[in-house]
There are 2 protein chains.
Amino acid sequence: MQYHQAVVAAEPLVTALDQAGYRLTQPRRALAMMIAGRDGHFTAAELLDEARQRRLGIGRATIFRALDLFADLGLLERLDLPTGDHAYVPCEPVHHHHVVCSVCGASTDVQAACIQATVAEIERQSGFRIDSHRLELYGRCPLHAAAGTP
Amino acid sequence: MQYHQAVVAAEPLVTALDQAGYRLTQPRRALAMMIAGRDGHFTAAELLDEARQRRLGIGRATIFRALDLFADLGLLERLDLPTGDHAYVPCEPVHHHHVVCSVCGASTDVQAACIQATVAEIERQSGFRIDSHRLELYGRCPLHAAAGTP
DNA sequence: GAAGTTAATGAGATGCAGTATCATCAAGCG
DNA sequence: CGCTTGATGATACTGCATCTCATTAACTTC
Ligand SMILES: [Zn+2]
Ligand SMILES: [Zn+2]
Ligand SMILES: [Zn+2]
Ligand SMILES: [Zn+2]
């Protein structure tokens with residue numbers, strides 16, 4: 001069970017860009033490596049800070065554009081944290097959900113299958129034709145489950 | 001089956017404020033009526049526009065404060081639309097979820113019970129202790145289910 | 001490898017959502 | 001009616017995100 005703690009390799013991001021017909025530019029390569037070096041979720045602002053500290057000369061706009069692009073390709077997913085912040089999580093390009101630790105930010109994937117039945121039930125109940133949904137779960141990872149208030 | 005389409009009465013909002021010990025001010029009464037007159041979800045910006053058009057003289061800050069207050073009292077719930085916009089939906093003060101029509105914005109409540117089992121299953125799968133979750137469903141209401149692409 | 005085409009970049013300006021400040025106002029109360 | 005204090009709104013401000021556009025560099029073609 002990996003908590004997105006393990007360092008993700010940068011190549012998948014780069015090759016996915018290539019296969020989709022996008023240019024393999026220096027800023028995009030650098031961002032892929034920065035994302036690969038992250039544990040758990042991260043925000044655009046954090047990437048911006050890191051890029052600045054490392055004097056990579058990557059512009060604000062480029063970072064937002066790259067994040068959008070990765071998200072469109074299904075390599076990142078955008079989360080709305082309970083705090084209201086927008087964060088991103090490295091992601092398999094198939095529909096699934098995330099469980100996020102409120103203490104350390106670690107996250108793990110949950111396969112979508114286990115919610116299919118629920119969605120079907122909700123379609124029946126509501127009469128709506130459901131096209132998409134967002135499910136995000138917040139709690140404490142095994143390491144932090146002991147501490148804190150339930 | 002109400003789709004939050006029916007005009008919600010303003011009194012519940014006002015009386016809830018009163019019972020919670022908040023002052024029944026003119027701006028809050030006006031906002032309660034504006035919210036009551038809305039169908040489906042709405043944004044802070046929309047309320048702001050309406051207030052300006054009607055020359056109600058309600059300040060930006062007051063609107064945000066009132067929305068926060070109603071949300072704290074469980075009378076509104078804040079949604080993160082797929083577009084990234086933040087919207088609010090009139091709401092019962094118990095935990096539940098929303099199905100939102102992407103065409104007309106109509107929404108209906110879904111009882112939380114039907115996801116309890118799923119959450120338990122996810123706790124088992126992930127090893128996380130889950131404290132909270134957010135589930136929002138998007139699709140088309142019965143009136144709009146026929147049209148559009150699936 | 002050089003030249004050309006065009007996507008991509010980055011600096012800065014701009015827009016916009018939400019918050020902080022604080023003097024003024026009015027809701028509730030006796 | 002007059003007091004007390006929560007509430008208001010004008011203003012300023014912060015910070016995220018987007019837009020513009022001249023310049024750059026990634027890929028293509030030869
Ligand atoms: Zn943790
Ligand atoms: Zn899902
Ligand atoms: Zn509701
Ligand atoms: Zn509809």
Side-chain angles (χ1 to χ4, degrees), chain A residues 13-35 41-73 75-76 78-88, chain B residues 10 13-35 41-73 75-88:
Chain A
L13 294 170
V14 177
T15 57
L17 277 183
D18 196 20
Q19 286 178 1
Y22 293 99
R23 293 187 182 175
L24 267 37
T25 67
Q26 202 47 51
R28 282 174 179 167
R29 287 177 191 276
L31 285 168
M33 295 200 48
M34 290 170 56
I35 290 170
H41 58 61
F42 58 89
T43 65
E46 289 169 354
L47 288 190
L48 242 163
D49 285 348
E50 185 176 340
R52 261 200 278 261
Q53 285 176 4
R54 295 193 181 179
R55 319 266 174 183
L56 295 177
I58 301 177
R60 200 190 329 271
T62 300
I63 290 182
F64 281 99
R65 283 187 286 235
L67 288 174
D68 275 357
L69 190 51
F70 286 134
D72 283 348
L73 294 175
L75 304 167
L76 291 181
R78 185 169 165 167
L79 301 179
D80 292 304
L81 267 11
T83 62
D85 289 348
H86 294 155
Y88 295 84
Chain B
L13 294 170
V14 176
T15 57
L17 277 182
D18 196 19
Q19 285 178 3
Y22 293 98
R23 292 189 181 174
L24 268 37
T25 67
Q26 201 47 51
R28 283 174 178 166
R29 287 176 191 277
L31 285 169
M33 295 201 49
M34 289 170 58
I35 290 170
H41 58 60
F42 59 87
T43 65
E46 288 169 355
L47 288 191
L48 242 163
D49 286 347
E50 184 177 340
R52 261 199 279 261
Q53 285 175 4
R54 295 193 182 179
R55 319 267 175 182
L56 295 177
I58 301 178
R60 199 192 327 273
T62 300
I63 290 182
F64 282 100
R65 283 187 286 236
L67 288 174
D68 275 358
L69 190 51
F70 285 136
D72 283 349
L73 295 175
L75 303 167
L76 291 181
E77 181 162 322
R78 185 170 163 166
L79 300 179
D80 293 304
L81 266 13
T83 62
D85 289 346
H86 294 156
Y88 295 83

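Quick note on labels: first sequence line is chain A, next is B, and so on, each numbered from 1.
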Under the side-chain hydrogen bond (donor to acceptor under 3.5 Å, both in side chains) test, residues paired with Arg28(A) that sit two or more places apart: none
By the 4.0 Å heavy-atom rule, please label Arg28(A) as base, sugar-phosphate, or nothing. sugar-phosphate
Atom CG in Leu13(B), atom CG in Asp18(B): separation rounded to 0.5 Å? 12.5 Å
Can you find a heavy atom in the side chain of Arg65(B) that is under 4.5 Å from one in the side chain of Asp68(B)? no
How would you list, by chain and number, every residue that makes a side-chain hydrogen bond (donor to acceptor under 3.5 Å, both in side chains) with Arg23(B), sequence neighbours excluded? none
Shorter than 3.5 Å, N or O on both sides, protein versus nucleotides 25-30 of chain D: list them out with atom names.
from, atom 1, to, atom 2, distance (Å)
dA26(D), N3, Arg23(A), NH1, 3.4
dC27(D), OP1, Leu24(A), N, 2.8

Any base atoms under 4.0 Å from Arg78(B), or only sugar-phosphate, or nothing? Heavy atoms, all strands. sugar-phosphate
So, taking the atom named CG in Leu48(B) and the one named OG1 in Thr43(B), what distance separates them when rounded to the nearest 0.5 Å? 9.0 Å
pair Leu47(B)-Ile58(B): side-chain heavy atoms closer than 4.5 Å: no
Using a 4.5 Å cut-off on heavy atoms from C-beta on, say whether the side chain of Ile35(B) contacts that of Tyr88(B). no
Specify the separation, in whole Å, of atom CG of Leu67(A) and atom P of dC16(D). 13 Å
Spatial distance of atom CG (Leu69(B)) from atom CG (Leu17(B)) [nearest 0.5 Å]: 5.5 Å
Estimate the overall bend of the helix from dG1(C)-dC30(D) to dG30(C)-dC1(D) from the end axes over five pairs each, rounded to 10 degrees. 40°
So CG of Asp85(A) and CD of Glu46(A): to nearest 0.5 Å the spacing works out to 9.0 Å
Identify the 5'-most and 3'-most nucleotides of DNA chain C with at least one atom closer than 4.0 Å to a non-hydrogen atom of chain B. dG18(C) to dG28(C)
For His86(A) and His86(B), take the angle between the two ring planes, folded into 0 to 90°, and tell me which bin it lands in: parallel under 30, tilted 30 to 60, perpendicular over 60. perpendicular
What residues in residues 56-64 of chain A put a non-hydrogen atom under 4.0 Å from any atom of DNA chain C? Gly57(A), Ile58(A), Gly59(A), Thr62(A)
